[in-house]
Amino acid sequence: MELEKTYNHKSVEDRIYKLWEESGFFTPENLPPRQNQNEQKPASAEAMARQRKFVTCIAPPNITGELHLGHTLQLTLQDIIVRMKRMQGYITLWVPGIDHAGIGAQNIVEKQLAKEGIKRQDLGREKFLERMWQWKEKYGNAIMDQFKKLGISADWTRLRFTMDDQYQEAVKKAFQHFYEKDWIYKGERVVNWCPRCASSISDLEVNYVPEAGKLYFIKYGPFIVATTRPETRLGDTGLAVHPEDARYKNYVNKEIEVETIDNEIPADQPPKIKKIKLPMITDSSVDKEFGTGIVKVTPAHDLTDFEIGQRNNLLSIIVIDEHTRMNENSGLRYRGLKTKEAREQIVKDLETLGLIEKIENYNHNIGRCDRCNSVIEPLLSKQWFFKMETPKQLALEAIDTGQIKFHPARWATPYRDWLKNLRDWNISRQLWWGHQLPVYFCKNKLAEVKNQKSKVKNNNEEFFIISENKPKQCPICKDCEMRQSEDVLDTWFSSALWPFATLGWPTSAPPSSATSDGHSKATVGKPNKKTKSDFEEYYPTDLIVSARDILYLWIVRMIFSGMELTKKVPFKDILIHATVLTKDGKRMSKSLGTGINPLELTEKYGTDALRFGLASQASELQDIRFGEDTLIMGKKFANKLWNISRYVITKMKHETWNMEHQLPNSKHPILQRMNSVTAEVTEQIENYNFAEAANTLYRFIWHEFADKYIEESKNKDDQETKDTLAYLLLTSLKLLHPFMPFLTEEIYGIIQGGANPKNMLLVQSWPTS
RNA sequence: GGGCGCUUAACUCAGUGGUCAGAGUGCUUCCUUUACACGGAAGAAGUCGGGGGUUCAAAUCCCUCAGCGCCCACCA
């Protein structure tokens with residue numbers, strides 16, 4: 001057979017991937033039985049059942065766009081492990097999938113619509129969701145194509161999406177479970193309100209960015225109080241000082257008479273002073289050093305103030321509405337103004353009335369929406385919350401007991417620190433794209449609730465039940481058509497279920513108690529064709545690979561959700577990989593124009609070169625400043641291996657290959673080296689030292705196998721030399737396969753005189769030392 | 001305000017106590033030898049961020065300073 005002088009990835013990759021798909025070996029049930037070590041008999045079904053499993057959990061990419069280099073690195077590293085494990089004889093499962101990415105995806109589609117001059121409200125919920133599903137179809141498929149292009153050996157028969165029907169069942173089940181556990185409650189608290197998204201968002205979705213502002217020193221009776229947001233003055237219900245602040249101790253727990261603006265005077269008339277009384281309270285959250293040491297407390301419009309208010313029984317007065325306009329509580333004078341206008345007007349009025357001491361320039365942090373960058377308005381709002389106390393304990397326990405290990409281990413520190421000071425998690429969103437809350441309201445508010453132990457809760461005149469399906473009859477008034485909550489869940493609520501929801505949970509979960517509405521939940525105990533469900537067979541998983549930026553958003557929440565709902569940790573190892581930066585150390589991002597499309601790189605250098613180049617830079621500690629130099633290295637190395645193979649194949653022209661991979665009868669020292677390289681590489685991959693493993697292989701194959709042994713072999717033609725060449729090549733192909741799957745598979749096929757979907761390198765046994 | 005990471009050849013990075021400090025890319029010289037010029041042979045190139053300390057021995061451990069980057073935090 002005539003082989004091209006240089007390796008041409010373009011004629012190989014797609015063809016090989018199709019062969020892998022044909023082989024069916026990405027599906028664990030199709031893996032060939034493997035003889036267990038030290039067993040002479042051929043593997044039986046029984047032996048197979050004893051075979052160890054390796055299950056890895058994907059970080060499902062968001063359908064917000066195509067994959068970037070960070071995904072490429074992550075998927076490559078995961079695939080390296082999966083391929084090695086599969087060759088080592090593990091029954092290997094990798095479930096691929098994508099995430100609906102609630103707020104992120106909705107915003108992108110809204111932007112698309114904006115180009116057509118349409119708002120989501122113009123379309124209505126149903127039509128808008130149709131657009132969302134079209135988007136999902138398009139980008140979901142694009143992402144799947146990219147997975148395949150990257151050589152990912154995931155089981156396509158098990159493709160999952162976080163809004164699949166079965167997944168929706170899991171989400172409802174989880175919500176109900178948490179509600180019954182009393183971890184979820186509906187409450188009125190200050191939340192981060194994004195006026196553009198028209199939704200609340202969680203604390204983790206707010207970015208604090210420095211901004212130049214003003215600090216206003218305002219007279220409050222005998223005191224001066226510093227604030228950056230004078231417009232919230234209308235919502236003040238108290239003054240607070242630190243408990244140990246001696247300056248104000250005579251005023252503590254007294255009503256202080258302060259001047260404020262009479263907000264019922266119409267805006268076209270000059271402002272007038274109105275006297276009101278505010279209680280002076282103490283709270284240890286107050287910083288004595290800041291300003292004058294006195295804080296005005298606005299419980300309805302500040303997270304901290306809300307908590308101070310709770311601790312001290314202060315009133316909450318809402319003065320700003322969801323559209324960031326001043327509402328009726330702000331009085332005739334300001335009602336209807338945008339907050340910015342209200343601030344200007346109030347400052348002007350205060351100045352006119354001589355109530356402003358001074359105004360200083362002040363740089364401080366402003367909260368902005370992670371998704372659309374709008375300024376966040378803290379707002380008192382009725383939302384659903386997730387109590388973090390017990391989940392926090394579970395999440396800590398998983399790490400403290402060593403049931404879950406971080407790699408690198410240092411990530412356990414920020415993980416623990418983050419858990420220490422947590423507010424309850426706001427899980428409801430006023431969006432359309434996502435899992436609608438399984439909450440049904442009675443339309444008849446006057447319904448009486450007789451059975452207090454029922455699931456029916458009276459909450460500010462709202463009567464609701466939690467139910468997986470819409471009840472046929474309202475269990476509250478027996479009369480109305482119940483109305484489902486229009487809110488959807490935070491996307492991370494559903495992502496938190498990923499490791500087990502994708503395996504079919506809760507189909508095999510223990511039955512939970514029937515709910516009060518009389519509908520026992522028939523989702524439990526659904527019949528299964530197989531003797532065991534995927535959940536029983538493959539859960540918990542062994543490994544998750546993740547970028548660090550979703551450590552809190554996702555990893556933490558999967559851990560406590562898994563521990564509570566399945567009573568098991570969802571994975572044993574967490575691999576946190578490096579972040580891929582630009583060559584200048586900048587964040588890669590589409591909006592900055594610094595993003596790189598991996599497909600351009602696979603086109604130019606080949607997937608194997610890309611994988612090898614990324615892996616050889618994937619050290620534990622340091623982020624990757626991505627330059628194409630390493631891909632050039634990868635490409636040259638691929639070509640080198642190609643030519644090594646050509647040489648050995650030519651040399652072996654009339655010989656039969658020993659595909660059983662037996663050690664040749666030779667004492668040549670290169671064989672010992674091959675042996676120790678095998679041990680090193682295996683250990684390095686098992687310890688997630690991908691860069692070391694790649695470099696070990698590179699150095700051995702190029703500078704020892706090729707430069708030394710092959711050169712030496714050129715003037716020899718004996719059996720021993722040929723056997724050794726064949727052995728070295730075969731071993732190298734196997735060890736390199738996780739990094740360069742396409743090329744090695746191609747060569748393996750050529751050696752056999754043609755690729756054979758039944759006997760692929762993919763499932764050959766990993767070399768042992 | 002806390003915490004983490006980084007600072008090694010022109011560039012991107014390995015190297016975490018022990019021979020003259022390594023790789024890829026780039027550069028210089030030679031070699032178009034029948035696997036590969038995406039190659040081979042040889043070579044130049046670094047006060048291992050600054051300073052101090054521990055040690056027989058430090059890029060490697062400790063302290064300190066400086067710069068860069070990231071994360072967390074209720075400075076109104």
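The sequence lines fix the lettering, A, B, ..., with proteins before strands; numbering per chain opens at 1.
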Under the 3.5 Å Watson-Crick or G-U criterion, the dot-bracket string of RNA chain B, with | for inter-strand pairs
((((((((.[[[[.)..(...]]]].(((((.......))))).....[[[[[..)....]]]]])))))))....
Aromatic plane relationship, [Y] with [X] - under 30° parallel, 30 to 60° tilted, over 60° perpendicular:
X         : Y         : answer
Tyr698(A) : Phe637(A) : tilted
His668(A) : Tyr709(A) : perpendicular
Tyr248(A) : Phe223(A) : perpendicular
Phe560(A) : Phe386(A) : tilted

Look at [X] together with [Y] and state whether they make a salt bridge at an N to O cut-off of under 4.0 Å.
X         : Y         : result
Glu603(A) : Lys10(A)  : yes
Lys296(A) : Asp302(A) : no
Glu628(A) : Lys635(A) : no

Taking 4.0 Å as the cut-off, does a side-chain nitrogen or oxygen of [X] come that near to OP1 or OP2 on [N]?
X         : N       : value
Trp702(A) : rG40(B) : yes
Arg229(A) : rA76(B) : no
His301(A) : rC74(B) : no
Tyr208(A) : rC71(B) : no
Arg548(A) : rC70(B) : no

Test item: side-chain donor near acceptor, Gln684(A) and Thr696(A), under 3.5 Å
yes
Integer angstrom distance from the [atom1] of [N] to that of [M]:
N       : M       : atom1 : result
rU55(B) : rC62(B) : P     : 16 Å
rG49(B) : rA10(B) : P     : 13 Å
rA66(B) : rG50(B) : P     : 15 Å

Considering every strand and a 4.0 Å limit on heavy-atom distances, what is the contact class for Tyr362(A): base, sugar-phosphate, or nothing?
sugar-phosphate
Using a cut-off of 4.0 Å on non-hydrogen atoms, how would the nucleic acid contact of Asn695(A) be classed: base, sugar-phosphate, or nothing?
nothing
Aromatic ring proximity, centroids under 6.0 angstrom, Tyr7(A) and Trp642(A):
yes
Report yes or no: is the cationic atom of Arg423(A) (NZ for Lys, CZ for Arg) under 6.0 Å from the centre of the six-membered ring of Phe385(A), at an angle within 45° of the ring normal?
no
Check the pair Asp718(A), Lys716(A) against salt bridge (charged side-chain N to carboxylate O under 4.0 Å, His left out), reporting the backbone distance first and the verdict last.
CA-CA 6 Å; Asp718(A) 56 290; Lys716(A) 292 184 190 168; 5.7 Å; no
I need the residues from residues 710-739 of chain A with at least one non-hydrogen atom less than 4.0 Å from RNA chain B; give them sorted by number, or say none.
Ile710(A), Glu711(A), Lys714(A)
Does anything in residues 630-639 of chain A reach RNA chain B, meaning a heavy atom under 4.0 Å, and if so which residues?
Met633(A), Lys635(A), Lys636(A), Asn639(A)
Decide yes or no, distance alone: a donor-acceptor N/O pair under 3.5 angstrom between the base of rC36(B) and the side-chain of Lys640(A).
yes
Asp549(A) CG - rC4(B) C1' separation (whole Å):
15 Å
